[in-house]
Amino acid sequence: MRLDKLLAQAGFGSRGQIKKLIRSRQVRVDGEFAVADNLNVDPSLQDITVSGKPFSYSPDVYYILNKPNGVVSAVRDEQHQTVIDLIDPSDRRTGLYPVGRLDRDTEGLILITNNGPLGFRLLHPKHHVDKTYYVEVNDELHPDAPSFFENGIAFLDGTVCKPAKLQIISSSPEISCAYITISEGKLHQVKKMFLAYGVKVTYLKRISFGPFELGDFPVGKYRELTEEEKKDLKDYLD
Ligand code: URA
């Protein structure tokens, strides 16, 4: 791969900035100053340093983003800001996409990667990746609600959902709060499940996805998975 392209993909700035880095003799390949932007290099075979620091390049990136309300879970959109727009240009990679989908008005944890097969595997029904949501609804959740969700809800069109785990936090005729854990990803699944119970979701936030938890990570921010978390992800799929 061309040196300038590699450094751009690894987030060292624009082509112009990388040109400057190379011209100012800050990039070495196997100990020698790189003199040409278009030098062909292979980071798995050669030692590359930038400003004296060893360059480590992982072609796959994994980010956890806390999606805000109003942002779409898509790579591009004509009208709305996308989750990819929230990734700093220096952290973007070719092929970056969100794994799964949250509605535009749903907040919370979404995994973003450029590892294509990973998304396919995580979304494949055989892996039963658990997703937990914090949910607010506009009416009461009675003590029988957990068993209603546990029994596998059927939508009016005949679609039957796998058992879901409902944990009621509080209940009143104006607003009730709960956690719900599902292992599928049908379109608008949580909202439709609560409609089947007879109440409307007024706020929805995904707080965990597989082995990952959002905790108090700020809305609109993203971070890279730690090495430990990447291992968790691999173990989760094995
Ligand atoms: N279920 C929904 O209804 N909406 C989401 O965004 C995610 C799950």
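One-based numbering along the sequence shown. Numbering of ligands and ligand atoms starts at 1, following listing order. Fair warning: this is a prediction, and the values are worked out from it, not measured in the lab.
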Does the side chain of Y222 come under 3.5 Å of the side chain of D91 through a donor N or O and an acceptor N or O?
yes

May I ask you to identify the nearest protein heavy atom to atom 4 (N) of ligand 1, giving residue, atom name and distance to one decimal place in Å?
D103 OD2, 2.8 Å

Please check if atom CZ in R92 has more than 12 non-hydrogen atoms from other residues, nucleotides or ligands closer than 6.0 Å.
yes

Counting heavy atoms only, name the option from H188, K131, E107 that's nearest to atom 3 (O) of ligand 1.
H188

Shortest protein contact, atom 1 (N) of ligand 1 (heavy atom only)
V190 N, 3.1 Å

The atoms of ligand 1 lying under 4.0 Å from a heavy atom of T106, numbered in the order shown, are 4 (N), 5 (C), 6 (O)

Distance-only polar pair, side chains of S147 and E150, donor-acceptor under 3.5 Å:
no

Check ligand 1 against Y133 and write out every atom of the ligand that is under 4.0 Å from a heavy-atom position of the residue.
7 (C), 8 (C)

By number and element, which atoms of ligand 1 are closer than 4.0 Å to a non-hydrogen atom of K191?
2 (C), 3 (O)

Where at least one partner belongs to residues 64-74, residue pairs that pass side-chain hydrogen bond (donor to acceptor under 3.5 Å, both in side chains), sequence neighbours excluded:
none

I182 side chain near M193 side chain, heavy-atom distance below 4.5 Å
yes

Heavy-atom distances under 4.0 Å are what count here, so tell me which part of V201 touches ligand 1: side chain, backbone, both or neither.
neither

Please determine whether the number of non-hydrogen atoms from other residues, nucleotides or ligands lying under 6.0 Å from atom NZ of K19 exceeds 12.
no

